[in-house]
Amino acid sequence: MVRFIHTSDWQLGMRRHYFSDAAQAEFAADRIRVIGEIGRIARERQCSFIVVAGDVFEDNAVDRRLIRQVLDAMREARVTFYLLPGNHDPINQGSVYRSPVFDAAQPENVIVLDAGKAREHQASVEILGCPWPNKHPLEDLVAAGLRSAAPPAAGRVRIVVGHGTTEAMGSDNPATIDLEAVETGIARGEAHYVALGDRHSTTSHGTSGRVWHSGAPEPTDYDEVDAGNVLVVDVDERECRVERAPVGRWRFVTLDAPVNGLDDIKQFEARLDGLGNKPQTVLRVSMKGTLRLPERLELDAVLERAREVFGAFETWDRHTDIAVVNDAADFQALGLTGFALSAMQDLQRRASGNGADSETAEDALKLLYRLAGG
Amino acid sequence: MRINEITLRNYRGVRERTVKFAETGVTVVEGENEAGKSSLIEGLFLLLEVPDSSKSSAVESIRQIGKDLAPEVGARFRLGSSEIEYRKRWGKSPSTQETTLSIKGSTTEQVAGRSAHDRVSQLLSGNVDEQLWKALRLQQGAELKQGQVMTGSLGAALDAAAGGGGSADAHGPLIDRITAEYGEFWTPKGRESRVLSGAREASEEAAARALVLRGTLAALEADAERFDQLRRAREAVRADRVRNETRLREVRAAWAAVEKQRAVVERLGNETDRTRERAGAAREASMRRAQLVRQVEDSDRTVAGAEARAKALEPEHERLERERTSADGHHARTHQEARSARALRDLRAADESHWNELLFLDQMTERLARVNENEAAVTEAMAFIEAINVDADGLRRIERMQLTAVQARARADAEAPAIRVRALRAVTLTAAAGTVDLEAGEEREFAVEQPRPLRIADLAEVSVRSGSGAAESLKAAVDVEAAYSEACRAAGVPDVATARDLWERRQRMQQVLDHAREGLRQDLRDLTPQTLAERVERLKKNTALYVARRADEPALPASLDDAKRLKVIAEARFESAEADEARAAEVLREMLTALEQAGNSRRQADLEVENARGALTLATSALAEARSEVADEALEAAETTLAAAARVAEGELASAEGLLRESNPDGVRAELGNLELLLERLDSDARARDNELAGLKERLSARGEEGLAEHLAEAETDVYRKEQDWESIRRRAGAAKLLYDVFMRHRAEARKAYLQPFKEKLEALGRIVFGSSFELVLSQDLMVEKRTLDGVTVPYDSLSTGAKEQIGVLSRLACAALVSADGGVPLILDDALGWSDPGRLEKLGAAFNVGARDCQVIVLTCMPDRYRSIGSATVVRLSGDE
């Protein structure tokens, strides 16, 4: 029985353009920090090694300082890392793994699975990497890897490391991994565990229990279902146990809020207040409702405060629809008379129409409301 | 605001003074210079604006010199519904400084000290339009211009007058804030400000930067892919080269075999050619012998044929000779006839010419007679005309002088004195002319031409002296008559009648002369009389000579007509004879041609016979000579043997050529050439790919170090942020612009509405002063642009100082009147209207009476007469020592 950690999709060097500089810096730092965390778990759980199933880097052209930082973090983890080139960092001539910086800074405990052949890890384990040779391979690289390698010797556990989506996910990419072929290979003893990367949510495939997407150790987007884990795998020819170990600090949250009046705004604000770990929370809100102008200004103020406290904050425009009604009473309070009153009424008429002009008129009314001291 | 009372104490020269003002209507404060009128208003402003602790120069300037009494100002005024009593003392030390305030309204308020000052400032800012307050205060000596009256209070008042909301606040501060917001994004001319254009440009620049980086990164990725492709392609080239080298070796071997077979074919080919040449020579010798035999036979046949053709031509030649002789005779006959017809025709033509000359002779003879006649007439007429001295000018001069002489004589007669004597009894008179006897009762008149006495018998001598005028007239008449006589004498005539008669005769003779000259011109044309006569003579001689020389037969025609007729007949005969001769000549020519051709044919046939006989001789001798050299049989045997040898050699050659074709020499050659080129190309291809690979590797290595992906990610973040900024600023700018535009438009429309009530009020007041035709044109901001009076429109700037001053005062009065409903502010005039004449001042008084009915007007003046005519005015007189 061999124990190791299966992780993938670190995508180091990734940026989120809706983050502030500070949030981006923290996001980047946490994604390097998580390497140490994975190493810590590996040591604690006495894992033999760690496989990273593709996309260690966001791109082959990442900053060279980052490469050093990442390799330093792995060196300090004091566990052997097997890194698989994925679709983000394929092993072509421009590959990060062939860069002089990587070459110079690569510690002994970091091994790149850069050729489609089995590599022995101690006498009882071999690791068959199926690296991406370029960004657009025209075949199922896992199937090709299994075909080209002779079956493992008796008593030796083979871990296949691949990257890509499986057929079950309905892709028509020629590089899609044929899950049936993989399971057949497992049944024949050609592989004992297939460690996959690319999908950021932790997912088990097929019926053998030996084919997994580990998911990304730190979430990267709103649509990831179960991200933030690494997998602790115990496997031999007879059995395979897989255990999730959460390591991520960040989370991506989508909030949907009805906004019809001040009460809704207060409730919405309370929901925001109730969310913990705000600096590491990336929040997206969609809002629907009808508000009076002062309420709309109040909502704007609430959103502005949220922008200041969350790691990142954005309104989901595609799913946000707030109608602003121009209540006569709100404007009466401004005490406008004469031409100012008729000008305001003119703007109200424009705002009640449709199209870009009405939006501008609504903005103009908001501005008037503010300038007139409302 | 209404000022009810102002009190000054220890204020400059004033110990204490209180002045009360009417709340509505005009209060005129009269006083001499230095009486402290202006101090009242100055004091009020100090009270309202300057704290009691102030050490400002304004406060220092009101202290009494040499006294330690603190100046003090108190006022009672009304703001809205509040009655206010306010007093300040500007002491030098805090203990002597004092401010008290009492407000009575819905509640009562008592405040003192600095709080009181602040409270009043607050009340004023809430209730009094500062701009209007300043605009409606005309200070002494200040230049009286149109007030900038479009202030808050007036705006609101006019808004109300135009049917607006009636708020006291006309949104000045709001407009300012809207304008400021607009100004952040737009220039006053509506162009984008730096903020707006900068945001857009920043967004575009960020996008451009990201685009460049994206391109660079894509190129990097493409390079990486290209590197892999190239490497694979390089390997394929290498494999290709190995395969083609093997093939090249095989093809070279095949080419060597081809070359060997080609040598065999060449040798056999040479041998075959030689055998063929010999067989060919033998065949040619046989053919030449057969040809000689055929030539002898052909020549024999040719001789026989030529002889037969020559014989056949003889009868035809003889027939043609006979026909030529006949045609010759006919041609000679027709030639003779044509010659005699031509001679007759020529004679008839000469006869006609002769008759024509006779006719011409007659005509010339007549012309000569007329010429002689006209020449005689010309000579006679010219002699007559030359003998007469009277011409047209001379005649006119004589006629004019004769008329003058007659007139002068008549005048002299009329002016000459005369003595009329009537005899009372018979008496003898002796006068210059002689003695005259008169019977009793007889009368006689004597002209007094010279001072010679008239003696009446012996009784008396009467002397009459004529006047000098009569004498002059007489002398003039005598002079003129003498000139007339001299003119007649010069013309060779006794009198004017003779001159006139001569002139008329001369005229007639001139006509005769002209007529004769015209006759001469027509008859002579380009001739002279002498050449004409010569011509007549020559014609006479010619005609006689012709008759003499002409043959008698045929006879000369009797007339010109006969001559013409006979000539026509002779010409017809001649033409007919000439045609006959031409036809006969043509027949003869044709005959001669046919005869010549027949002769040629016969000579040709003879020549052919001769030639054929020569050729036969030659052929016969050549054949005999050849046979003597080689007999016919030996020639045939050699030909047969050599033909068989040639056939054998050709068979061997064809077999060798078949073998060469089978080895496909062209195909092998082509493949060999192609393979050599292909290998060269593969080498060059491999080198090019190696070079490209090396370049790509270097580029990838260098570019890979730049961290492009992260730069791109940063750039895209920048794009996102700049786009967000731009979107936000664009929206804010759009909102600010729309708000500003809509507000300005509505304000402009409202102002248009304000204009009317203000204009109406001002014109109503103006009509009182300037008359019923007074009209104004106002600008949007209520300034007077033009004034119309009695139909004459003048720009405001062109008006007299007095008129400008009057309109300035009236516009403030109109303002004050319009805003008075909401409290407004008093109109204060400090010694204004210095430029207005007494007539205008009187009318201005009436205007003040009407305009100030509902508002407060305070007039300070040292010239009470200026405002004497304001009927309803409250007058306060100030003396200097109060």
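Bear in mind that the values here come from a model prediction, so they are computed numbers and not experimental data. All heavy atoms count here, side chains included; hydrogens, waters and symmetry mates do not. Note on naming: letters A, B, ... go to the chains in the order of the sequence lines (proteins, then strands), and numbering restarts at 1 for each one.
- Not one N or O on the side chain of B:Glu710 forms a donor-acceptor pair closer than 3.5 Å with the backbone of A:Gly13.
- Only the side chain of A:Arg350 comes within contact range of chain B, with heavy atoms under 4.5 Å apart.
- When every heavy atom of A:Ala372 is checked against every heavy atom of B:Arg177, the shortest pair comes out as CA-NH2, 4.4 Å.
- To the nearest 0.5 angstrom, A:Asp357 atom CG is 6.5 Å from B:Leu738 atom CG.
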- Task: Applying side-chain contact (heavy atoms from CB on, under 4.5 Å), run through B:Leu230 and A:Gln93 and close with a yes or a no.
- Result: CA-CA 11 Å; B:Leu230 265 181; A:Gln93 188 57 36; over 6 Å; no

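- Across all non-hydrogen atoms, the minimal contact from B:Ala224 to A:Asn92 is CB-ND2, 3.1 Å.
- Only the side chain of B:Arg231 comes within less than 4.5 Å of a heavy atom in chain A; its backbone stays farther off.
- The part of A:Glu314 that comes within reach of chain B is its side chain, from C-beta onward, which places non-hydrogen atoms under 4.5 angstrom from that chain.
- Comparing A:Glu58, A:Arg16, A:Arg98, A:Glu359 by how many heavy-atom pairs each has under 4.5 Å with chain B, the most go to A:Glu359.
- Residue B:Arg699: no heavy atom, backbone or side chain, is found under 4.5 Å from chain A.
- Of the possible polar contacts, one joining the B:Glu225 side chain to the A:Lys135 backbone as a donor-acceptor pair under 3.5 Å is found.
- B:Ala736 and A:Leu367 make their closest contact through CA-CD2, 3.6 Å (heavy atoms, listed as atom of the first residue, atom of the second, distance).
- Annotation: the span from A:Met344 atom CE to B:Leu739 atom CG amounts to 11.5 Å, rounded to 0.5 Å.
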- Please step through side-chain contact (heavy atoms from CB on, under 4.5 Å) for the pair A:Arg15 and B:Glu716, ending with a clear verdict. CA-CA 9 Å; A:Arg15 290 183 74 96; B:Glu716 280 176 341; over 6 Å; no

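- For chain A, the nearby parts of B:Leu708 are the backbone and the side chain; heavy atoms of each come within less than 4.5 Å.
- With a 4.5 Å cut-off on non-hydrogen atoms, A:Leu66 touches chain B through its side chain but not through its backbone.
- Neither the backbone nor the side chain of B:Leu696 comes within less than 4.5 Å of any heavy atom in chain A.
- Ranked by heavy-atom pairs under 4.5 Å with chain A, the first of B:Lys697, B:Arg745, B:Glu714 is B:Glu714.
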- Query: Please walk me through it: do A:Asn134 and B:Glu221 pass side-chain contact (heavy atoms from CB on, under 4.5 Å)?
  - Reply: CA-CA 9 Å; A:Asn134 54 58; B:Glu221 284 172 1; over 6 Å; no

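- Residues of residues 199-215 of chain B lying within less than 4.5 angstrom of chain A, judged on heavy atoms, are absent.
- In this structure, no portion of A:Pro90 lies under 4.5 Å from any heavy atom of chain B.
- Here the NZ-CZ distance, from A:Lys366 to B:Arg732, works out to 12.0 Å after rounding to the nearest 0.5 Å.
- When each of A:Gly94, A:Ala361, A:Ala340 is checked for heavy-atom pairs under 4.5 Å with chain B, A:Ala340 comes out on top.
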- Task: Could you check B:Lys737 against A:Asp363 for salt bridge (Lys or Arg N to Asp or Glu O under 4.0 Å), going step by step and ending with a plain yes or no?
- Result: CA-CA 11 Å; B:Lys737 184 164 170 49; A:Asp363 287 346; over 6 Å; no

- Go through the steps for A:Leu368 and B:Leu174 under the test side-chain contact (heavy atoms from CB on, under 4.5 Å), then give the verdict. CA-CA 9 Å; A:Leu368 171 60; B:Leu174 176 59; 4.0 Å; yes

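- Ring pair A:Tyr18/B:Tyr720 is perpendicular by interplanar angle, where above 60° counts as perpendicular and below 30° as parallel.
- With a threshold of 4.5 angstrom between heavy atoms, B:Phe227 approaches chain A through side-chain atoms but not through N, CA, C or O.
- Here the closest non-hydrogen pair linking B:His746 and A:Ser342 is ND1-OG, 2.9 Å.
- Annotation for B:Glu181 and A:Leu371: closest pair CB-CD1, 4.3 Å, computed over non-hydrogen atoms.
- Residues B:Ala735 and A:Thr360 come closest through the heavy atom pair N-CG2, 3.9 Å.
- By the 6.0 Å contact criterion, CZ on A:Arg305 is enclosed, its count of non-hydrogen atoms from other residues, nucleotides or ligands being greater than 12.
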